[in-house]
Undergrad: 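One structure, pasted below without further comment.
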Amino acid sequence: MKKLWIILLSFITIFGLAACGSSESGGSGSTDEGASGDEQLTIGISLPSATHGWMGALIDSAEKQAKALKESEGIDYVMTNAEDPNTQANDVDDLIAQEVDVIVMLPIESAALSPVGQKIKDAGIPLVIVDRELENDAATVVVKGDNEGIGVNAGKYFVEQLNGEGKIVEITGPPSSVTEQRGSGFKEAVASESGMEIIASQSGDFSTEKSLEVMQNILQANPEIDAVFTQDDGMALGVLQAIKEAGRTDIQFVTGAGGAKGVFEDIQNDGLMKATFLYSPTMVEDAVKIAGDIAKGEEPAEAMVVKEATQVTKENVDEYYDPESKF
């Protein structure tokens, strides 16, 4: 009887240990780990502040896509917004310290943030750059619009509309690859005609308010202007306001870049805005999707993703106009 009781106790002990082992295994599976047992994946997103409409729309698009990835794939995200390059550099340092799996970054300034990009690469973190390129090879993938194409297409439009002869004003963005590429493309196109002259070129910092101020000064200094090339739709709206307030009738047209609702409406209403070239803020959605794939261990299909710089004029503006757009 005593021997039977010992055997029974042995069985109870064995089954008890097995049950405990089963419970611990289930507990580890209920932590913030994926179905494969990997640790929680996280994307770090470093963007400028919403200083103008295009950037505000881009920030909204980035968060929308990041939330969708979190819901569908369980990939978490951390988003930061900075007003200047130094703040953005500090934001990125924080993301590196948090050991995020991938970083998506739109550099406020190309030159200033290039060393930051290198720091990300040195930390072994894949980097997806949006819009403004770095001056080194730190990026794993670059997602951007066709900046040079915007400049070239705008320049061809100016040559065509002015019949190869005119006095032109250029309103540029702040120092970045975007500004350089749009400007060089435009100058390359108009240089084909000896009668085309850029009489003023100043930065509007991608700001409607700054561009209004800059254009007011240019109007005072130049009694004769045929057309204005702006590198951004938000800046174009400031330029339009300055021209209207000055009562100038010599300027034949203004062009922009981006695809802002206000610009589309001016084109529709036969205003001074005659053309813009698409550079959609939704490009960041592609960047976040790519970052999600990289976080999961997938190799990117391509290192450079370029969105087409479609020309929008009176003839096709209705195809792109969205009255509900935030941009």
Side-chain angles (χ1 to χ4, degrees), residues 32 34 40-83 87-88 91-92 94-95 98 100-108 113 120 125-133 139-147 178 206 208 232-234 257-265 276-298 300-302 304-310 312 319-327:
D32 290 338
Q40 174 70 52
L41 299 176
T42 304
I43 299 171
I45 304 174
S46 172
L47 305 175
S49 298
T51 53
H52 56 289
W54 188 89
M55 192 63 71
L58 182 137
I59 292 169
D60 286 346
S61 294
E63 186 145 30
K64 175 184 175 183
Q65 185 56 54
K67 286 181 177 177
L69 268 184
K70 186 172 183 177
E71 292 174 2
S72 63
E73 305 280 352
I75 301 174
D76 206 352
Y77 69 95
V78 179
M79 182 178 289
T80 64
N81 301 101
E83 295 183 356
T87 304
Q88 187 169 30
D91 288 344
V92 171
D94 290 341
L95 293 175
Q98 292 178 53
V100 297
D101 296 280
V102 187
I103 291 178
V104 176
M105 180 171 71
L106 195 165
I108 292 176
L113 274 301
I120 294 170
I125 300 174
L127 173 62
V128 181
I129 286 292
V130 186
D131 183 28
R132 304 170 193 171
E133 296 173 73
T140 307
V141 179
V142 174
V143 180
K144 65 173 188 173
D146 186 1
N147 288 301
V178 170
F206 288 150
T208 299
D232 167 74
D233 280 351
K261 181 167 65 175
V263 164
F264 285 161
E265 289 171 348
T276 190
F277 302 87
L278 293 186
Y279 196 82
S280 175
T282 59
M283 70 174 69
V284 75
E285 295 179 10
D286 291 343
V288 174
K289 288 177 185 176
I290 291 169
D293 290 340
I294 293 174
K296 292 184 294 183
E298 298 178 18
E302 49 192 336
M304 181 75 69
V305 179
V306 182
K307 316 296 283 187
E308 186 176 353
T310 304
V312 180
E319 297 176 28
Y320 301 99
Y321 177 65
D322 177 7
E324 304 301 321
S325 173
K326 292 183 179 181
F327 171 53

Undergrad: Do D94 and T80 pass the side chain to side chain contact (heavy atoms under 4.5 Å, CB included) test, and can you show the C-alpha distance, the side-chain angles, and the key distance before you say yes or no?
TA: CA-CA 10 Å; D94 290 341; T80 64; over 6 Å; no

Undergrad: Rounded to the nearest 0.5 Å, what separation is found between the CD atom of E298 and the CD1 atom of I290?
TA: 11.5 Å

Undergrad: Does one side chain, of N147 or Y279, offer a donor that lies under 3.5 Å from an acceptor on the other?
TA: yes

Undergrad: Between E302 and V141, is there a donor-acceptor pair closer than 3.5 Å when you use the side chain of the first and the backbone of the second?
TA: no

Undergrad: Does the side chain of D146 reach to within under 4.5 Å of the side chain of E308, using non-hydrogen atoms?
TA: no

Undergrad: Would you say the side-chain atoms of T208 pair up with the backbone N or O of G234, donor to acceptor, closer than 3.5 Å?
TA: yes

Undergrad: When rounded to the nearest 0.5 angstrom, what distance separates CD1 in I125 from CD1 in I103?
TA: 4.5 Å

Undergrad: Is a donor on one side and an acceptor on the other found under 3.5 Å between the side chain of K261 and the backbone of Y321?
TA: no

Undergrad: So, D233 side chain and A260 main chain: donor-acceptor pair closer than 3.5 Å or not?
TA: yes

Undergrad: Just how far is it from atom CG of L47 to atom CE of M79, taken to the nearest 0.5 Å?
TA: 5.5 Å

Undergrad: Any sub-3.5 Å donor-acceptor pair from T42's side-chain atoms to D101's backbone N or O?
TA: no

Undergrad: Please check this pair: side chain of Q88 against backbone of L113, looking for a donor-acceptor N/O pair closer than 3.5 Å.
TA: no

Undergrad: Write down the atom of P281, the atom of A57, and the distance for their closest heavy-atom approach.
TA: CG-CB, 3.7 Å

Undergrad: Find the distance between NZ (K289) and CD (Q65) and round it off to the nearest 0.5 Å.
TA: 5.0 Å

Undergrad: Name the orientation class of the two ring planes belonging to Y320 and F264 (parallel below 30°, tilted from 30 to 60°, perpendicular beyond 60°).
TA: tilted

Undergrad: Count the heavy atoms belonging to other residues, nucleotides or ligands that lie under 6.0 Å from NZ of K296, then report whether that count exceeds 12.
TA: yes

Undergrad: Could you measure the distance from the CD atom of E285 to the CG atom of L58? Nearest 0.5 Å is fine.
TA: 9.0 Å

Undergrad: Taking everything shown except E265 itself, do over 12 heavy atoms lie less than 6.0 Å from its CD?
TA: yes

Undergrad: Taking 4.0 angstrom as the limit, do D76 and K70 come out as a salt bridge?
TA: yes

Undergrad: Supply the atom-to-atom distance L41 CG to I294 CD1, rounded to the nearest 0.5 angstrom.
TA: 12.5 Å

Undergrad: Closer than 3.5 angstrom, by distance alone: can the side chain of T276 be matched with the main-chain N or O of A257 as a donor-acceptor pair?
TA: yes

